[in-house]
Amino acid sequence: MTEYVTRFLVGGAVVSAFAMLGDVLRPKSFAGLFGAAPSVALATLGIAVYQHGANYAGVQTQAMIAGAIALAIYSVTVCHLLVRAKWRAVTATLLSLVVWLVVAFGLLIFTRGQT
C-alpha cells in the first residue's frame, strides 16, 4: 500500500511541476505536452531507482525510449495514410498499430543485444 501512496504523491508533485512549467512556456499547447508523459515517466523512473536500483531503471528507460520512437513513427505513418493516401481513420490507425508494435519490439530486441 505504501508504494501506491508514494506513486500518487510523487507522481502528483511531478505532474504539477511540469504543468506549471508548461503554463509558463509559449505556446500554451506545451502545457498539455509537459503535463503528461514526461512527468509520469520521471516519477516512475524515480520510484524504480529507489525500489529496484539503477540497472532496473535503465532497462525501463530503454523501453520508454523505444516506445517513444515507435509512437513518433506511428504518428507519421497515420498522418501519411490519412492525408496522402486518403485512407479511412480506422484502417490507417489499425495498420499503423502493427507498425508501432514492430518498431517498438524491434528496437527492444536490438537494444537488448547491445547490452
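All residue numbers refer to positions in the sequence shown, counting from 1.
- Pairing each heavy atom of Ala66 with each of Ala104, the nearest pair is CB-O, 4.0 Å.
- Here the CG atom belonging to Leu71 is positioned 11.0 Å from the OG atom belonging to Ser96, to the nearest 0.5 angstrom.
- The hydrophobic clustering, which links ILVMFWY residues whose side-chain heavy atoms are closer than 4.5 Å, places Leu101 and Leu108 together.
- The only member of Leu45, Ile69, Val59 that meets side chain to side chain contact (heavy atoms under 4.5 Å, CB included) when paired with Met64 is Leu45.
- By the criterion of side-chain heavy atoms lying less than 4.5 angstrom apart, applied directly or through intervening Ile, Leu, Val, Met, Phe, Trp or Tyr residues, Val78 is not grouped with Val76; the two fall into different hydrophobic clusters.
- The distance from atom CG of Leu82 to atom OG1 of Thr91, rounded to the nearest 0.5 Å, is 9.5 Å.
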Q. Could you go step by step and tell me if Leu94 and Val90 meet the side chain to side chain contact (heavy atoms under 4.5 Å, CB included) rule?
A. CA-CA 6 Å; Leu94 288 176; Val90 173; 3.8 Å; yes
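- Using a 4.5 Å cut-off between side-chain heavy atoms of Ile, Leu, Val, Met, Phe, Trp and Tyr, with links allowed through other members, Val102 and Ile65 fall into different hydrophobic clusters.
- Expressed to the nearest 0.5 Å, how far OG1 of Thr93 lies from CZ of Arg88 amounts to 10.0 Å.
- At a threshold of 4.5 Å between non-hydrogen side-chain atoms, the residues Trp100 and Thr77 do not count as touching.
- Here the CG atom belonging to Leu95 is positioned 5.0 Å from the CH2 atom belonging to Trp87, to the nearest 0.5 angstrom.
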